[in-house]
Protein chains: 2
Amino acid sequence: MTPEPISRRARPAKAPLSREAIVRAGLAILDRDGLDALTMRRVAKELDTGPASLYVYVANRDDLMAAMLDEALARVPLTAEGTWREQLHALVAATVEAMSRHEGLAAVALGAIPTGANALLVIDRMLALLKQGGLDDITAAWAVDLLHLHSAAAAAEQSAYLTKGGKEETVVADADRHYAALPADRYPMITALRPALFSPGDRDTWGLDVLLSGILQTPAR
Amino acid sequence: MTPEPISRRARPAKAPLSREAIVRAGLAILDRDGLDALTMRRVAKELDTGPASLYVYVANRDDLMAAMLDEALARVPLTAEGTWREQLHALVAATVEAMSRHEGLAAVALGAIPTGANALLVIDRMLALLKQGGLDDITAAWAVDLLHLHSAAAAAEQSAYLTKGGKEETVVADADRHYAALPADRYPMITALRPALFSPGDRDTWGLDVLLSGILQTPAR
DNA sequence: GACATCGACGAACAGCGTTCGCCACGAACG
DNA sequence: CGTTCGTGGCGAACGCTGTTCGTCGATGTC
């Protein structure tokens, strides 16, 4: 097949539809215009077609989002340097990072046992590191459950800031003001500890340390 | 048309619209028919009115769901017996229970710093117990953050089973079969540890123990 | 050359959240 | 007592949504 006639040139180089192309278009829209803009019509328009065409490759919107989540997890580096614990820490942090970068994707991970190819690779790596740490099978299995839950939750919380106006600091400052106006007799501890509640610091790193320490110290059953 | 004098009596004792009534109607629909059925039109019908009438008392659907979440949290008992750690454990477990009972409400808690009156009461109580445990202000503050995140996530995961057909065991069995069919060379750890991954046991209690142990052992900064 | 298969897609359906503008009613005011 | 005014209630509508159906055309096979 040689150079196309002019009629095809109007829309040049229209890539053929495919599941991959749809997933990538979805991610592009999600990153550019947010979760509300991620509609089947909008994805179809990005690919220069109609919404009905998508359903050949994608069962429905949920299926599309699950595929997008797994695509996002493909970017998680599975290997790192350091002790097993440092590597595990880095792996979980990278997973949170990858999910929280795309608004709303973490919520998908929260509601289902992971089955995506890349999600499973992450989990497999987590299991390997936990076993390397000397944990027994059951504790390692439950730990990976807990770490997955925590990753999804942390990412969901983080990506929620993308939804609301963007600025995380603004949202936190609003909450601080709200807490400052609470009646001290009804909420004595919140009132007393308000400076600590809104103190800056790396809570994500601390949270992960808490989890890892707790896991090491708490054998299942 | 024919104005029916009897029509007022046909639906007797029609309570006047109020924010409380709307919230309660929403919870009733959510529990009875699920998250998909929770539409403004459906809530309005439950109260024998039209959707536009709701917007006098409720800003929008998100506002309604936030109010429903706080109403659900009103049922969390704030006091229990035992050591501070046992009380804290019970408090968190009760919070998860209350949220997971209503499909989709936990997702609301994940995306925002809590501001509802009842949510704040729970948090205030958590802070009190953590301080009773001897933690410094910052660690207690970060711990309450982490516990809140974990509660919402655990409840969201739990309530997701309400969405899918209902039976948790069915979903888990499906996942087990899926994992069994994975290529062992690509996912060696998952394949090897599959029995442990799907082993029964009280993972929620274990997860909470992990968190509490980790918190006690990991001072912030 | 005839046939079967399957991707593409225009059109439509049923439903959604939310807004607008009008109605009725009760309180406030002169 | 009459009038005005604010406000809860709500019918109707707008602009969307996810998804399905049936048709069309191209491609690969016998």
Side-chain angles (χ1 to χ4, degrees), chain A residues 1-2 4-5 7-8 10-26 29-30 33-69 103-105 107-108 111 163-164, chain B residues 1-5 7-8 10-26 29-30 33-68 103-105 107-108 111 163-164:
Chain A
M1 189 103 43
T2 37
E4 297 281 341
S7 64
R8 295 262 179 180
R11 281 261 182 258
K14 171 172 171 176
L17 227 43
S18 72
R19 187 168 230 262
E20 251 196 46
I22 293 173
V23 169
R24 264 206 278 273
I29 293 171
L30 186 63
D33 302 322
L35 184 60
D36 284 348
L38 187 73
T39 70
M40 300 303 274
R41 282 171 167 80
R42 186 85 178 61
V43 173
K45 184 161 288 181
E46 183 91 1
L47 296 168
D48 213 5
T49 180
S53 304
L54 306 179
Y55 286 84
V56 176
Y57 302 97
V58 153
N60 50 43
R61 189 175 183 263
D62 286 349
D63 181 36
L64 170 57
M65 291 197 66
M68 287 167 60
L69 169 64
E103 180 192 348
L105 278 198
V108 177
T163 310
K164 329 208 170 188
Chain B
M1 299 295 109
T2 57
E4 302 186 26
S7 72
R8 291 261 179 182
R11 281 250 182 269
K14 172 174 171 178
L17 227 44
S18 72
R19 186 167 229 263
E20 250 195 45
I22 293 173
V23 169
R24 265 205 276 273
I29 293 170
L30 186 62
D33 302 323
L35 184 59
D36 284 347
L38 187 73
T39 71
M40 300 303 274
R41 282 172 165 80
R42 188 84 177 63
V43 174
K45 186 161 287 181
E46 183 90 1
L47 295 168
D48 213 5
T49 180
S53 304
L54 305 179
Y55 286 84
V56 177
Y57 302 97
V58 154
N60 49 44
R61 189 177 184 263
D62 286 348
D63 182 36
L64 170 58
M65 291 198 67
M68 287 168 59
E103 180 192 347
L105 277 198
V108 177
T163 310
K164 330 208 169 186

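The sequence lines fix the lettering, A, B, ..., with proteins before strands; numbering per chain opens at 1. For clarity, every value in this text was computed on a predicted model and none was experimentally measured.
One distance of note links OH of B:Tyr57 with CG of B:Leu64; it measures 14.5 Å at 0.5 Å rounding. To the nearest 0.5 Å, the span separating CG on A:Leu35 from CD1 on A:Ile29 amounts to 12.0 Å.
A:Asp63 and A:Arg19 are joined by a salt bridge, as a carboxylate oxygen and a charged side-chain nitrogen come within less than 4.0 angstrom of each other.
Residues from residues 35-45 of chain A placing a heavy atom under 4.0 Å of any atom in DNA chain D, listed by number, are A:Leu38, A:Thr39, A:Met40, A:Arg41.
Proximity note for B:Arg61 (side chain, C-beta onward) versus D:dT19, C:dT18, D:dG8: the nearest is C:dT18. If you check C:dA8, D:dC10, D:dC21 against the side chain of A:Ala52, the one that comes closest is D:dC21.
At distances below 3.5 Å, not a single donor-acceptor pair connects side-chain atoms of A:Arg42 with backbone N or O atoms of A:Asp36. Counting only distance, with no hydrogens or angles, the side chain of B:Arg24 and the backbone of B:Met68 share no donor-acceptor pair below 3.5 Å. The backbone N or O of A:Gly111 lies less than 3.5 Å from a partner atom in the side chain of B:Lys164, making a donor-acceptor pair.
At whole-Å resolution of the value, CG in A:Leu17 and C1' in C:dC9 are 11 Å apart. For B:Leu47 and D:dG9, the CG to P distance is 11 Å, given to the nearest whole Å. Rounded to whole Å, atom P of C:dT19 lies 12 Å from atom CG of B:Asp63. Nucleotide D:dG18 holds its C1' atom 14 Å from the CE atom of A:Met65, rounded to whole Å. Distance B:Leu54 CG to D:dC10 P: 10 Å, rounded to the nearest Å.
A:Tyr55 comes within contact range of at least one nucleobase, with a heavy-atom separation under 4.0 Å.
Contact check, A:Ser53 against C:dC9: a side-chain N or O comes under 4.0 Å of OP1 or OP2. The side chain of B:Thr49 places no N or O atom within less than 4.0 Å of a non-bridging phosphate oxygen (OP1 or OP2) of D:dG9.
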